[in-house]
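What follows is a short report on a single structure.
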Amino acid sequence: MDSHSIIGTKNKKGQTFTDPYHLFFEAQRIPSFFTGSEVIKEAIRRASVDLMVAYPITPQSEAAALIGELYAEGYVTDYMRGENEFGVMSECAGGSFGGARVFTTTAGPGTMRAMENFPMWSGARLPIEMIVTCRGINSPLSIQPDTLEIYFLLETGMLVWHAETAQDFYDWILMGFMVAEQPDVHLPIAICCDGFFVTHTKDVVNLTPADMCLPPYDPYRSPVPCMDMECPPVRMMRDPFIMKSNYISYATHASWQQEVRAAIERSRKHTIPLLHGLIETENTDAEILIVSSGTAVSQGREAIRLLADEGLRVGLVKIKSLRPWPYHEIREATKHAKHIFVPEFNVAGWMAREIKSTIPDSDRVVVGPHVAGGMTMPPEVIVEHIQRTLGKSVATLAGRGS
Amino acid sequence: MSKEKIQICEEFFDIMPPEYQALVTNATWGKEGRGWKDVGVNKELIEQHSLCAGCPESMAFRYILASLPNPEDTVMVGSTGCTSLVFPHVGVHNIHSLFGNQNAIASGLKRALTLRFPGKVKDVVVLAGDGATVDIGLDYTLQSWFRQEMFTTICFDNELYANTGGQESGLMQKGFVAKMAPVGKKFDKVRLPEIAKESGCVYVVNCTVSKPSLVEKVIRNAVYIAREIGPTYIQLYTPCILEIGKNSMEGLQEMRDSEKPGERFAYKEFISDQAKAFLADLAEKEKAKKASAKEALAQA
Ligand SMILES: Cc1ncc(C[n+]2csc(CCOP(=O)(O)OP(=O)(O)O)c2C)c(N)n1
Ligand code: SF4
Ligand SMILES: [Mg+2]
């Protein structure tokens, strides 16, 4: 299907296939008060999704079930509950191999259970969109927010974006399909948010009109053939590479992995205009910076306000895309900073590690504060961490109660 | 997709790979009554393979490809194992993704093809080893049957993990000494055909590939039934001659020995009433078609 000639026509629900730029930047926005889960539903209502594969796991169960309602209403063409997340991600792959626009959601242990599929998705160039509503993956069992699972996704060859707010989430779910499906990208995308903090809180989100939707996926705008027997099946090779221990085999595997990484980089030119850059910055001329992604950024914003009250000027870098990694953008944004704080919702402090490996003079990076296992990160914790690092005496949080 | 759609323009014909030239000039796509007798004549039915010399899988593969009723609109799904050495040579679209997830892939694939091509037949056929079907992939095999996903599952049962060097598998016979079964396998061969029936398959066959005409009939039935009625399962004995210590020429005899009455691969079939009625109806229509063709010929 030619996705250009279809613009302006209507789907079976009466929605008009709309030029994505018009939809994102010109169409009317309607302020609505929704939970993050409802926001996922509203985005998918407008996303011309062919197949959604669902499986319950907190905190994405509600969203996955709400999309079932969209299927019942006819907004999503096919919908099924998979048997477990490994199966779910393979069912998604089958749908995508067959040329469908495929969507799924998962979290925490589900992400880990499915893991073998993700490098396969990217190697097979399947532009599946997966929402990850992050939760803990440790034992004993936890359902609480925790971003450790994102770290495991970073080298799967997927695009990985990390939303801060429900508004990010709404826009990025729609934009994500458009970037992932570009022929020179054609990769799966994980759009992550912090579970509960985003999924289960209500926020005002500006929605695009419900009678407009994305153009459908065109599986023939792809770097690899769609598995539908509508183009010639070719004998791929006489000797399958898997069995060969020779240079051609190694070079083929190595260069394809490089190509997947190159495709991630090529996504920049599509993503930057849509997301207005891979990072967002405020006052990067300040000596102190807070750099992070997800809701840690929101907490950072509050901390910056509290510190301003005390006369301390602190700047902010919000990282929106983790893959591609905004290497040059982060180097540029942090070049004046003397102290770089990286608040995180995980025990590992992986974001701090990524930033350390990106910038010169990496001892400017102060790891933390990081909380884990579902703990919240009140802005005061960030304030205290900054003040303590700067050698200021601070009243401890515990002390305040007495 | 018909052959006409993929014709090569005259100017470029000579520079195209011989496989492609043969596909557009000589493939059996769309040929009435295509079947195992086309093997050896048509390149698209696997000219060469990279299995061990004499491996019965190589013949099984060819018979199956020759028997597909609709190869021009069939997509196959494989898994890791010896079969994955053959799939790159196969002249229909085929997917290898991971080890054991083949029925999950096929579930998503069949749904995608159904929603994208309403009113058109697109067959999906899974072909995987016994390790893939019964051990690592059992959950996905069974769940696709429970869900009544409309495709055929074929298992190449060589009673062990061949591709990794001959380890114990669930379909291995009890007592067989193998890698990872150093004192002999301690439990019975898993009875997947019976499980398939209980799990919702409407047509189940357990046999060897010693008789190509039988394989042809069974595969055609399985694909037709999966199109209209429900999931179908075919378990074929394709002995791993390498791991059981046979020579290249001994595969056929091994299959003949194990399909004798009372042996574990004696022909077994289950067919639901609905599927049986469907096949009878199909045969009736076929007969009527032949009769009217004969009549037309006589009048001409
Ligand atoms: C997740 C995973 N585990 C293990 C393997 C290793 N592996 C590759 S093929 C194979 C055995 C295949 O056995 P079977 O399905 O019976 O096929 P056969 O080779 O016997 O035809 C195994 C264990 C793998 N590729 N992936
Ligand atoms: S290892 Fe066994 S199953 Fe595999 S190709 Fe050789 S004989 Fe056939
Ligand atoms: Mg085997």
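All chains are named by letter (A, B, ...) in the order of the sequence lines, taking the proteins before the strands, and each is independently numbered beginning at 1.
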How far does CE of A/M229 sit from CG of B/N70, to the nearest 0.5 angstrom?
8.5 Å
Smallest heavy-atom separation, B/I105 atom then A/A93 atom, equals CD1-CB, 3.6 Å
Contact origin within B/E149 toward chain A - heavy atom pairs under 4.5 Å:
side chain
Region of B/Y20 that comes under 4.5 Å of a non-hydrogen atom in chain A
side chain
Please report the interatomic distance CG(B/L98) to CD(A/E116), rounded to the nearest 0.5 Å.
4.5 Å
How far does OG1 of A/T77 sit from CZ of B/R111, to the nearest 0.5 angstrom?
12.0 Å
Proximity breakdown for B/L23 and chain A, heavy-atom pairs closer than 4.5 Å
side chain
Min side-chain heavy-atom separation B/Q7-A/P232 under 4.5 Å
no
Least distance between heavy atoms, B/A112 atom then A/G95 atom
CB-O, 3.3 Å
Over all atoms of both residues, closest heavy-atom pair of B/M1 and A/P233
CE-CD, 4.3 Å
Below 4.5 Å from any heavy atom of chain B, which atoms of A/C92 appear? Answer side chain, backbone, both or neither.
neither
B/P17 portion near chain A, given a 4.5 angstrom heavy-atom threshold
neither
Is the number of heavy atoms from other residues, nucleotides or ligands within 6.0 Å of CD (B/E10) greater than 12?
no
Hey, is NZ on B/K3 packed in by over 12 heavy atoms from elsewhere, all under 6.0 Å?
yes
Quick one: are A/F86 and B/D139 in side-chain contact, heavy atoms under 4.5 Å?
no
Identify the two heavy atoms, one from B/A104 and one from A/S90, that lie closest to each other, and give their separation to 0.1 Å.
CB-CB, 3.6 Å
Passes side chain to side chain contact (heavy atoms under 4.5 Å, CB included), A/W121 versus B/S97? Steps please.
CA-CA 8 Å; A/W121 283 5; B/S97 60; over 6 Å; no
Among B/R116, B/H93, B/R147, B/K110, residue most engaged with chain A (heavy-atom pairs, under 4.5 Å):
B/H93
Which residue out of B/I95, B/V77, B/N103 racks up the most heavy-atom pairs below 4.5 Å with chain A?
B/I95
What part of B/T74 is in contact with chain A, defined as an atom under 4.5 angstrom from a non-hydrogen atom: side chain, backbone, both or neither?
backbone
Worked check of side chain to side chain contact (heavy atoms under 4.5 Å, CB included) between B/N101 and A/M120
CA-CA 12 Å; B/N101 68 342; A/M120 179 271 283; 4.1 Å; yes
Flag the one option from B/L115, B/D73, B/V124 with the top tally of heavy-atom pairs under 4.5 Å to chain A.
B/L115
Approximate separation, where rounding is to 0.5 Å, of A/E91 CD and B/L109 CG
12.0 Å
Between A/E230 and B/K5 (salt bridge meaning N to carboxylate O under 4.0 Å), is one present in this structure?
yes
Part of A/N84 lying under 4.5 Å from any heavy atom of chain B:
side chain
Are more than 12 heavy atoms, taken from residues, nucleotides or ligands other than A/R113, located less than 6.0 Å from that residue's CZ atom?
no
With a 4.5 angstrom heavy-atom cut-off, is it the side chain or the backbone of B/F117 that approaches chain A, or both, or neither?
side chain
